[in-house]
> 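For reference, the structure I am asking about is given below.
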Amino acid sequence: MAETDAEIKKGLAGVVADVTAVSKVNPETNSLLYRGYPVQELAATQPFEAVAYLLWNGELPDERQLAELRARERRHRALPREVRAAIDLLPLEAHPMDEVRTAVSVIGASDTAGSASVLDASGTPEQNLERSIRLYAALPAIVAYGQRRRRGEEIVEPRDALDYAANFLWMTFGAEPHDTVVDAFNRSMTLYAEHSFNASTFTARVVTSTLSDLYSAVVAAIGALKGPLHGGANEAVLHIMDEIGDASNVVPWLDRALAEKRKIMGFGHRVYKKGDSRVPTMKAALDALIDHYGRPEVGELYEALEREFVSRKGIYPNLDYPSGPAYDLMGFDTLTFTPLFIASRVTGWTAHIMEQAASNALIRPLSAYNGPAERHVEGYEPTDEQLAAAERETEAE
Ligand SMILES: CC(=O)SCCNC(=O)CCNC(=O)[C@H](O)C(C)(C)COP(=O)(O)OP(=O)(O)OC[C@H]1O[C@@H](n2cnc3c(N)ncnc32)[C@H](O)[C@@H]1OP(=O)(O)O
Ligand SMILES: O=C([O-])CC(=O)C(=O)O
């Protein structure tokens, strides 16, 4: 069979690449389980710290385990000095995703354990759990500082009295957040935490499979998440909502956008074809924020675009559709939305990195060649072996 006749799974669509015990996405039942627990249940009952613990350890924490993780998180939640210095060197116009990617790289280069030789890079399971906790703890400070720096505001130091979600909002806005906002934010962090072999998680697993280190895998995953077909869509949703303006403009805007063959950001999914399991929970959190801030027009625009696009195309919203306007209402800058996704997804990425490392096989698929047939540089005389090999190849085809 010629290589080009091989069955190509463009975009690896439908390919089952490995097993995982971290989460299960089931488009048939429209469900998402983290280590067996439905994500809606976790979002309604658990602080994000407990969800992180679950993803890393396979079980929800008891009181003592949760307190211990919270204590470790507090030890690492201030912005490391070298990270702040590196961020300060970046132009204010740098995209926050590039800023966070750089910050994670700085944390990685500053952790010198295992840096003497590539043979030690991948680290022990204990080292990797510690690295995961440090990244998860430091990311809120990185994201919050980035937004404040762009706004010309002073850094806000973390507060020990506040748990993860409230402290994240405190460091970003410098004000005690309302319970409704903390609750919606906590839910969004849980919903974003994990989603099986999505593009960024798979990227992290590919890097891990070469026995590289956890920080390199997370940096690569951030690069994959940035694209608007993946995590960048939550930022992109707000750009389109800003373009549309209000609900009365949805129909003419959509007519134009579809005529121009534009992708409508926040809609569609590689796995879910009948709706994203996380959307109802995030939409309820968005509704609570709309009530809290008294902004019904946000809900009207959201629902008008959803109604119109679903009825024309049968393509449903994904998690980025409700989370974009939710983060906007909370007061985050649009460019900060995808970094919020990083702060959450780092838990899922690192759970997968540890899983990949524990049962590794180098990830290296095949490709079918469709370039020019063998040819030779002008004036070069092919050797007899080359000529014979070319002949065998032609016969095989
Ligand atoms: C958290 C997350 O990462 S969720 C994903 C976030 N990304 C987005 O919201 C970006 C917008 N959505 C998309 O681009 C796509 O739906 C993806 C990339 C998410 C999934 O893509 P795929 O599974 O590869 O589906 P694919 O792109 O083949 O879509 C099938 C058809 O639906 C169309 N389609 C899918 N999504 C959209 C959309 N949002 N707007 C317009 N058309 C769409 C495609 O153009 C394609 O049409 P065609 O058959 O006429 O060419
Ligand atoms: O699963 C995917 O392809 C994208 C997604 O929804 C996620 O990563 O949360």
Side-chain angles (χ1 to χ4, degrees), residues 8-17 20 22-27 30-34 39 43 51 55 97 187-205 218 221-241 243-244 250 253-282 302 305-306 308-327 337-352:
I8 308 295
K9 298 281 189 184
K10 190 85 172 160
L12 300 183
V15 172
V16 179
T20 180
V22 184
S23 71
K24 177 177 180 177
V25 180
N26 189 339
N30 203 11
S31 74
L32 169 60
L33 308 177
Y34 291 177
V39 73
V51 174
L55 292 172
M97 287 298 281
R187 284 172 199 251
S188 78
M189 288 286 113
T190 293
L191 295 170
Y192 265 136
E194 164 55 16
H195 214 239
S196 74
F197 280 19
N198 60 83
S200 55
T201 300
F202 194 64
T203 300
R205 292 189 73 125
V218 171
I222 293 173
L225 189 73
K226 181 182 177 185
L229 295 191
H230 189 14
N234 63 3
E235 175 193 319
V237 165
L238 238 284
H239 296 315
I240 65 167
M241 285 187 167
E243 256 182 63
I244 300 170
V250 160
W253 182 87
L254 196 56
D255 288 343
R256 244 190 345 269
L258 292 179
E260 289 164 7
K261 304 224 171 313
R262 282 175 65 178
K263 283 264 173 101
I264 312 303
M265 294 300 162
F267 288 84
H269 199 276
R270 172 56 67 80
V271 182
Y272 300 116
K273 297 300 178 193
K274 293 179 276 184
D276 181 326
S277 61
R278 302 160 292 183
V279 166
T281 308
M282 196 61 221
Y302 178 104
L305 181 59
E306 177 182 9
E308 202 55 36
F309 189 61
V310 171
S311 73
R312 292 193 200 189
K313 289 288 199 180
I315 297 175
Y316 293 87
N318 58 56
L319 175 57
D320 291 323
Y321 189 57
S323 68
Y327 289 149
F337 297 178
T338 319
L340 296 173
F341 194 159
I342 298 178
S344 163
R345 185 57 61 90
V346 74
T347 57
W349 287 335
T350 49
H352 278 274

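Remember, it's 1-based here, ligands and their atoms both numbered in the order they're listed.
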> Which atoms of ligand 1 are found less than 4.0 Å from any heavy atom of A233?
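Listed by number with element, the hits are 6 (C), 7 (N), 8 (C), 9 (O).
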
> Going by the order shown, which atoms of ligand 1 are within less than 4.0 Å of some heavy atom of G266?
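By the 4.0 Å cutoff, the relevant atoms are 8 (C), 9 (O).
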
> Nearest 0.5 Å, please: how far is CG in D276 from CE in M282?
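If I round to the nearest 0.5 Å, the distance is 12.0 Å.
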
> For K226 and T338: C-alpha separation, side-chain torsions, deciding distance, then whether side-chain contact (heavy atoms from CB on, under 4.5 Å) applies.
CA-CA 7 Å; K226 181 182 177 185; T338 319; 5.8 Å; no

> When rounded to the nearest 0.5 angstrom, what is the spacing between CZ in R270 and CG in L12?
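Between R270 CZ and L12 CG, I get 8.0 Å after rounding to 0.5 Å.
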
> How are the rings of H352 and F197 set relative to one another: parallel (under 30°), tilted (30 to 60°) or perpendicular (over 60°)?
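Ring orientation, 0 to 90° scale: perpendicular.
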
> I'd like to know if atom 28 (O) of ligand 1 has any protein heavy atom within a distance of less than 4.0 Å.
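Neighbour list for atom 28 (O) of ligand 1 is empty of protein heavy atoms (cut-off 4.0 Å).
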
> Nearest protein heavy atom to atom 24 (O) of ligand 1, by residue and atom, and its distance?
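The answer is R270 NH2, 3.2 Å.
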
> Taking 4.0 Å as the limit for heavy-atom contacts, which would you say applies to Y272 with ligand 1: side chain only, backbone only, both, or neither?
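Neither; no heavy atom under 4.0 Å.
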
> Would a 4.0 Å cut-off, counted as strictly less than, catch a protein heavy atom around atom 7 (N) of ligand 1?
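At least one protein heavy atom is under 4.0 Å away.
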
> Check L229 against ligand 1 and report side chain, backbone, both or neither, counting heavy atoms closer than 4.0 Å.
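The part of L229 near ligand 1 is both the backbone and the side chain.
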
> Determine if the distance from atom 17 (C) of ligand 1 to the closest protein heavy atom is below 4.0 Å.
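Answer no: nothing from the protein, no heavy atom, is under 4.0 Å.
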
> How far is atom 38 (C) of ligand 1 from its nearest protein heavy atom, and which residue and atom is that?
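Result: I264 N, 3.6 Å.
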
> I'd like the name of whichever of T338, I315, D320, V271 reaches closest to atom 33 (C) of ligand 1 through any heavy atom.
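Residue with the shortest heavy-atom distance to the ligand atom: I315.
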
> Could you go through the salt bridge (charged side-chain N to carboxylate O under 4.0 Å, His left out) check for E243 and R262 one step at a time?
CA-CA 13 Å; E243 256 182 63; R262 282 175 65 178; 3.1 Å; yes

> Using distance alone, with no hydrogens and no angle criterion, decide if N30 and S277 have a side-chain donor and acceptor under 3.5 Å apart.
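Not at all, the side chains of N30 and S277 share no donor-acceptor pair under 3.5 Å.
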
> Is the shortest distance from atom 1 (C) of ligand 1 to a protein heavy atom below 4.0 Å?
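At least one protein heavy atom is under 4.0 Å away.
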
> Kindly state if atom 21 (O) of ligand 1 has a protein heavy atom within a strict 4.0 Å cut-off, that is, under 4.0 Å?
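No, there is no protein heavy atom closer to it than 4.0 Å.
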
> Is D320 paired with R278 through a side-chain N to carboxylate O contact shorter than 4.0 Å?
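D320 and R278: not salt-bridged.
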
> How close does the nearest protein non-hydrogen atom get to atom 12 (N) of ligand 1, and which residue and atom is it?
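The protein heavy atom lying closest is F267 O, 2.8 Å.
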
> Taking 4.0 angstrom as the limit and counting only heavy atoms of R278, give me the atoms of ligand 2 inside it, by number and element.
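It comes down to these atoms of ligand 2: 5 (C), 6 (O), 7 (C), 9 (O).
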
> Are any non-hydrogen protein atoms located under 4.0 Å from atom 31 (C) of ligand 1?
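Under 4.0 Å from atom 31 (C) of ligand 1, zero protein heavy atoms found.
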
> Just to confirm, does any protein heavy atom lie below 4.0 Å from atom 49 (O) of ligand 1?
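Given the 4.0 Å cut-off, atom 49 (O) of ligand 1 does not count as touching protein heavy atoms.
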
> Go through the steps for L32 and N26 under the test side-chain contact (heavy atoms from CB on, under 4.5 Å), then give the verdict.
CA-CA 6 Å; L32 169 60; N26 189 339; over 6 Å; no

> So how far is it from L238 CG to F337 CZ, rounded to the nearest 0.5 Å?
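Nearest 0.5 Å value for the CG-CZ distance: 4.0 Å.
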
> When you measure from atom 45 (O) of ligand 1 to the protein, is at least one non-hydrogen atom found at a distance under 4.0 Å?
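Within 4.0 Å: yes, protein heavy atom nearby.
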
> Should the proximity of Y321 to ligand 1, defined as any heavy atom under 4.0 Å, be assigned to the side chain, the backbone, both, or neither?
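No part of Y321 comes within reach of ligand 1.
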
> Measuring from the heavy atoms of E194, does anything fall under 4.0 Å of ligand 2?
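No, E194 has no heavy atom closer than 4.0 Å to ligand 2.
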
> Where's the contact between H269 and ligand 1, heavy-atom distance under 4.0 Å: side chain, backbone, both or neither?
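Both backbone and side chain of H269 come within 4.0 Å of ligand 1.
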
> Look at atom 25 (O) of ligand 1 and say which protein heavy atom is nearest, naming residue and atom and giving the distance to 0.1 Å.
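Of every protein heavy atom, K273 NZ, 4.0 Å lies nearest to atom 25 (O) of ligand 1.
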
> side-chain contact (heavy atoms from CB on, under 4.5 Å) for I342 and L225? Distances and angles first, verdict last.
CA-CA 8 Å; I342 298 178; L225 189 73; 3.8 Å; yes

> Under 30°, 30 to 60°, or over 60°: which ring-plane class applies to Y272 and H195, parallel, tilted or perpendicular?
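Rings of Y272 and H195: tilted, as their planes differ by 30° to 60°.
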
> To check your reading of the model: name the closest protein heavy atom to atom 8 (O) of ligand 2, its residue, and the distance in Å.
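In this structure, atom 8 (O) of ligand 2 has R345 NH1, 2.9 Å as its nearest protein heavy atom.
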
> Run the contact test for R345 against ligand 1 with a 4.0 Å cut-off on heavy atoms, strictly below, and give the result.
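It does not, in that no heavy atom of R345 comes within the 4.0 Å cut-off of ligand 1.
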
> Against heavy atoms of P228, which atoms of ligand 1 measure under 4.0 Å?
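Numbered from 1, ligand 1 contributes 7 (N), 8 (C), 10 (C).
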
> Side chain of N198, backbone of S196: donor and acceptor closer than 3.5 Å?
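Checked: pair present.
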
> Is there a side-chain contact between M97 and I222, using heavy atoms and a 4.5 Å cut-off?
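They are in side-chain contact.
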
> Which of the atoms of ligand 1 are close to F341, meaning less than 4.0 Å from one of its heavy atoms?
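Near F341, the atoms of ligand 1 are 1 (C).
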
> At what distance is the nearest protein heavy atom to atom 3 (O) of ligand 1, and which residue and atom is it?
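Among all protein heavy atoms, the one nearest atom 3 (O) of ligand 1 is H230 ND1, 2.9 Å.
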
> Looking only at protein heavy atoms, identify the closest one to atom 1 (O) of ligand 2 and say how far it is in Å.
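Going atom by atom, the protein heavy atom closest to atom 1 (O) of ligand 2 ends up being H195 ND1, 2.7 Å.
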
> Is there a side-chain contact between V310 and P317, using heavy atoms and a 4.5 Å cut-off?
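Of all side-chain heavy-atom pairs linking P317 with V310, at least one is under 4.5 Å.
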
> Ion pair present between K24 and E194, side-chain N to carboxylate O less than 4.0 angstrom?
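Between E194 and K24 there is no salt bridge, as every charged N stays at least 4.0 Å from the carboxylate O atoms.
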
> Strictly under 4.0 Å, does any heavy atom of H269 approach an atom of ligand 2?
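It does, in that a heavy atom of H269 comes within the 4.0 Å cut-off of ligand 2.
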
> Are Y321 and Y302 an aromatic pair, judged by ring center distance below 6.0 Å?
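Ring-ring flag for Y302/Y321: true, centres closer than 6.0 Å.
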
> Are Y192 and S323 close enough, and set up right, to give a side-chain contact (heavy atoms from CB on, under 4.5 Å), and what steps lead you there?
CA-CA 9 Å; Y192 265 136; S323 68; 2.5 Å; yes

> Considering only non-hydrogen protein atoms, determine which one is nearest to atom 37 (C) of ligand 1 and report residue, atom name and distance to 0.1 Å.
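Protein heavy atom at minimum distance: K263 CD, 3.8 Å.
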
